[in-house]
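All remarks here apply to the structure that follows.
Please read these numbers as outputs of a predicted model, since none were measured by experiment. Just so it is clear: chains get the letters A, B, ... in the order the sequence lines come, proteins before strands, and each one is counted from 1.
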Amino acid sequence: MKYIPKDKWFFCPIATYLCKNKVHMENSAEQMVRVRFAPSPTGGLHLGGVRTVLFNYLFAKKYNGQFILRIEDTDQSRFVPGAEQYILDTLAWCGMTPDESPIHGGAYGPYRQSERKPMYKQYATQLIEQGNAYYAFDTAEELDAKRKEIPNFQYNRATRTGMKNSLSLPAAEVSRLLNENTPHVVRINMPDSEELVFEDLIRGEVKFDTSMVDDKVLLKADEMPTYHLAVVVDDYLMKITHAFRGEEWLPSAPVHILVWKNLFGLDQMPKWAHLPLILKPDGNGKLSKRDGDRLGFPVFAMDWSDPNTKESTIGFKERGFLPAAFVNLLAMLGWNDGTDQELFSLPTLIEKFSLDRVHKGGAKFDYEKAKWFNQEWIKQADDAYLANLVTPYFKAAKIEIHEPSYLIKVIGLVKERCQLLPDFIPQSSFFFTAPTEIDTASILPKWEEKKHCFFDELAKLYLVDYEQGQKMKSSTELEAHFKALATEQGLKPGDLMLPFRIMLVGGKFGPGVFDIVANIETQDAAKRIQYCLDLLSKN
RNA sequence: GGAGCGUUCGACUAAGGGUUAGGUCACCUCCCUUUCACGGAGGUAAUACGGGUUCGAAUCCCGUACGCUCUACCA
């Protein structure tokens, strides 16, 4: 294909033809793909939520479409300050920038439902006029009483005649109540027995019998829409072509389908895709924040502290996950590309993503595997990039970094043994400061005078080397020197390695012993040897 | 209770009528490294159950079981 400037390809018939926009869009081939993520800003963004964003984003970008963020804040009683900003921050951290949002703007705003309030009532009125909805005057108390009285009370065609609404009351009474501004809601009028069928992009054909669904509230007493009305009206007004949401929404799909049918026509309706749930590692339920607290892993993308309850919850970001790893592991929960590949960058995901490879069944979250993904991404990550991310942890641990290039070098040496960013501290602190905790217990059993002499000698030689300007620089040189000295004294080098390691790092961990000596100064090494020797003498 | 959705190793998944049911994480063994990790070589381990259809079923059909989601003037 010849190159077509991006701003020109709209006008190029060949490009339009080749453009992948039209996949899954059989009924309206010219439409631009538009998807939305529509969270309610009530708290931290949970794994499942971020994955919904991801699939939206991947799909949109795959087809050169637009990804919209719409804030569903119709429930004023659940408003939580900061939650919207948190969502924005999370998307930014993950690298999934919306094309349109409350802060990015766009041609279909406003993007907060609370600011769209005046737009909904007319649609509710239209439904009433068409006979697809009705006024209901029952108070919350009356409904509660009803629910107590009848165990599985449903407001539906069987019960609505016994309730206070414009279907059961005489017209004059209804007008009176309306004129007196009696608080009321608008409920959908579920038809008697109609089969509602739609094609779910993931599950195929899904059928519902309207006689089984109840008369959901569409417009609340405060004239705010419920989700059921808002999702339809806004998806229509914002020209959404594909609607992705969690599987928990499937049972209310018939309500939305019916509203679509009666308001805008089914041919205007976006394609639905109900994503499988992310399940808790043990048991089978939907993963909740509680499970993370209980099992010791994050569930939210980033730290969240609730301004009302003051409760704070750890996030993947602050636990030390790389955004690339987080996105990668989320993508693999319910999707794969059909090959054995598991490591994908965001651009690769965009390229490879396909809805027909999304699973139907829920996926249990496995924190161990999540950490493996992170380790893989740490291993691939650029050392300077990691240095940046890790610096705050060093500050928190009160370890001073004098020379950034030294940090970068150290990171290259230790990164393959770190699963999470904070692991860099124990894995590399000894490159900066002498260990304070020495695992002498691991030395003592095989300790002997000969070894003491050896190390005493080694320390002296290191001091000499330092004073002469550090002639021994490379780890190979240091190793050769060490082994020669050991052999000279009739000792097996191998028997000295573990004690030496412990003297330098404090325990049985860390990179190659001579890589460490080569990076700290020989004077420093000498000091550590002496310090440990003193400790051992005391035992 | 009702409706809807789902069900392959412990976990994530591949295989869409014919494979010794494959890979990855975790676990175990060994090699490398006299640490840990990385890397390498092996190992344990699965088609929920019962009927069909078929020469042949994880795969198609029907039941059953189990699980989950929903069943608010919450999303």
Q: Write down the distance separating the P atoms in B/rG42 and B/rG16, rounded off to the nearest Å.
A: 25 Å

**Q.** Position toward the 5' end of RNA chain B (nearest nucleotide), A/Lys508 or A/Val213
**A.** A/Val213

(Q) Just so I know, are the side chains of A/Leu485 and A/Leu458 near enough to count as touching, which here means a heavy-atom distance under 4.5 Å? (A) yes

Q | Distance, P atom - from B/rU8 to B/rA48, rounded to whole angstrom | A | 6 Å

(Q) What contact category does A/Asp138 fall into here, base, sugar-phosphate, or nothing, at under 4.0 angstrom with non-hydrogen atoms? (A) base

Q: To the nearest Å, give me how far apart CD (A/Glu195) and P (B/rA3) are.
A: 14 Å

Q) How far, in whole Å, is B/rC28 from B/rC36 if one measures between their P atoms? A) 13 Å

(Q) Regarding A/Asp209, tell me which of base, sugar-phosphate or nothing describes its non-hydrogen contacts under 4.0 Å with the strands shown. (A) nothing

**Q.** A/Lys379, nearest nucleotide to its side chain (from B/rA15, B/rG2, B/rC38)
**A.** B/rC38

Q: Whole angstrom is fine here: how far is it from CD1 in A/Ile188 over to C1' in B/rA72?
A: 16 Å

Q: Could you check whether A/Phe373 gets within reach of a base, just the sugar-phosphate, or nothing at all, counting any heavy atom under 4.0 Å?
A: nothing

Q. Rounded to whole angstrom units, what separation is found between the CG atom of A/Leu295 and the C1' atom of B/rG10?
A. 14 Å

Q: Could you state the atom-to-atom distance from CD of A/Glu142 to C1' of B/rC73 in whole Å?
A: 13 Å

Q. A/Val185 near the nucleic acid: base, sugar-phosphate alone, or nothing, with a heavy-atom cut-off under 4.0 Å?
A. base

Q) Just checking A/His359: base, sugar-phosphate only, or nothing, at a heavy-atom cut-off of under 4.0 Å? A) sugar-phosphate

Q: Quote, to the nearest angstrom, the C1' distance that separates B/rA45 from B/rG6.
A: 24 Å

**Q.** Nearest listed nucleotide, side chain of A/Gln375, among B/rC70, B/rC38, B/rG4
**A.** B/rC38

(Q) Given the ring of A/Phe509, does A/Arg417 sit roughly above its face, with NZ or CZ under 6.0 Å from the centre of the six-membered ring and within 45° of the axis? (A) no

Q.
Can you check the distance between B/rG23 and B/rA46, where both ends of the measurement are the C1' atom (answer in whole Å)?
A. 14 Å

Q.
Using a 4.0 Å heavy-atom cut-off, does A/Gly246 contact any base of the nucleic acid, only the sugar-phosphate backbone, or nothing at all?
A. nothing

Q. Taking CZ from A/Arg245 and C1' from B/rC70, how many angstroms apart are they, rounded to a whole number?
A. 12 Å

**Q.** Identity of whatever pairs with B/rA58 - Watson-Crick or G-U, under 3.5 angstrom
**A.** none

Q: Could you tell me the separation between the CD atom of A/Glu248 and the P atom of B/rC74, rounded to a whole number of Å?
A: 17 Å

Q | Among B/rA26, B/rC12, B/rC5, the one nearest A/Ala363 by side-chain distance | A | B/rC12

Q.
Partner lookup for B/rA65, please. Criteria are Watson-Crick or G-U wobble with both distances under 3.5 angstrom; report none if nothing qualifies.
A. B/rU7

Q) From the list B/rC70, B/rA75, B/rC73, which nucleotide is the closest neighbour of the side chain of A/Pro251? A) B/rC70

Q | Aromatic ring proximity A/Trp335/A/Phe55, centre distance under 6.0 Å | A | no

Q. With rounding to whole Å, what would you report as the distance between B/rG10 and B/rC27 at their C1' atoms?
A. 9 Å

Q | d(CG, A/Asn156; C1', B/rA3) in whole Å | A | 12 Å

Q: Sort out the partner of B/rU19 for me: Watson-Crick or G-U wobble, both distances under 3.5 Å, none otherwise.
A: none

**Q.** Minimum-distance nucleotide (side-chain atoms of A/Val206 versus B/rC5, B/rA75, B/rA14)
**A.** B/rC5

**Q.** Nearest-nucleotide comparison on RNA chain B, the residue closer to the 5′ end among A/Lys286 and A/Glu342
**A.** A/Glu342

(Q) Counting only Watson-Crick pairs (N1-N3 plus N6-O4 or O6-N4) and G-U wobbles (N1-O2, O6-N3), all under 3.5 Å, who is the partner of B/rG42? (A) B/rC28

**Q.** Ring centers of A/Phe326, A/Phe316 separated by less than 6.0 Å
**A.** yes

Q. Could you go step by step and tell me if A/Met224 and A/Ser114 meet the side chain to side chain contact (heavy atoms under 4.5 Å, CB included) rule?
A. CA-CA 8 Å; A/Met224 273 289 207; A/Ser114 58; 3.8 Å; yes

(Q) Categorize A/Leu329 for me: base, sugar-phosphate, or nothing, with a 4.0 angstrom heavy-atom threshold over every strand shown. (A) nothing

Q) Say you pick atom P in B/rC25 and the same atom in B/rG40; how far apart are they, in whole Å? A) 10 Å

Q: Under 4.0 Å between any heavy atoms, over every strand shown, what does A/Gln154 touch: base, sugar-phosphate, or nothing? Just pick one.
A: sugar-phosphate

Q: Could you tell me whether A/Gly285 contacts a base, only the sugar-phosphate backbone, or nothing, with contacts defined as non-hydrogen atoms closer than 4.0 Å?
A: sugar-phosphate

Q. Between A/Leu343 and A/Thr348, does a side chain to side chain contact (heavy atoms under 4.5 Å, CB included) hold up when you go through it step by step?
A. CA-CA 9 Å; A/Leu343 266 14; A/Thr348 318; over 6 Å; no

Q. Taking the six-membered ring for Trp, are A/Phe454 and A/Phe482 ring centroids under 6.0 Å apart?
A. yes

Q.
Heavy atoms from C-beta onward define the side chain here; which of B/rU35, B/rA75, B/rC68 lies closest to that of A/Asn284?
A. B/rC68

Q: Could you check whether A/Leu277 gets within reach of a base, just the sugar-phosphate, or nothing at all, counting any heavy atom under 4.0 Å?
A: sugar-phosphate

Q.
Closest approach to the side chain of A/Arg78, judged atom by atom: which nucleotide of B/rC74, B/rA11, B/rG4 is it?
A. B/rC74

Q. Looking at the side chain of A/Arg147, which of B/rA72, B/rU13, B/rG1 is the nearest nucleotide?
A. B/rA72

Q: State which of B/rG22, B/rU71, B/rG4 makes the closest approach to the side chain of A/Asp340.
A: B/rG22

Q) What's the closest nucleotide to the A/Arg417 side chain, out of B/rC5, B/rU35, B/rC12? A) B/rU35

Q: Report which part of the nucleic acid A/Pro39 touches: base, sugar-phosphate, or nothing (heavy-atom distance under 4.0 Å, all strands).
A: nothing

Q.
I need the minimum non-hydrogen distance between A/Lys508 and A/Leu498, along with the two atoms involved.
A. CG-CD1, 3.7 Å

Q) Rounded to whole angstrom units, what separation is found between the NZ atom of A/Lys216 and the P atom of B/rA3? A) 15 Å

Q: With C1' as the reference atom in both, quote the distance from B/rC49 to B/rU44 in angstrom, rounded to an integer.
A: 25 Å

Q) Which part of the nucleic acid does A/Lys207 contact within heavy-atom distance under 4.0 Å: base, sugar-phosphate only, or nothing? A) sugar-phosphate

Q. Base, sugar-phosphate, or nothing: which does A/Thr42 touch, judged by heavy atoms less than 4.0 Å apart?
A. nothing

Q.
Would the base of B/rU24 count as contacting A/Lys369 through its side chain, where contact means a donor and an acceptor less than 3.5 Å apart?
A. yes

Q) Parallel, tilted or perpendicular: which describes the rings of A/Phe198 and A/Trp272, with under 30° parallel and over 60° perpendicular? A) perpendicular

Q. With both distances kept under 3.5 Å, what pairs with B/rG1, Watson-Crick or G-U wobble?
A. B/rU71

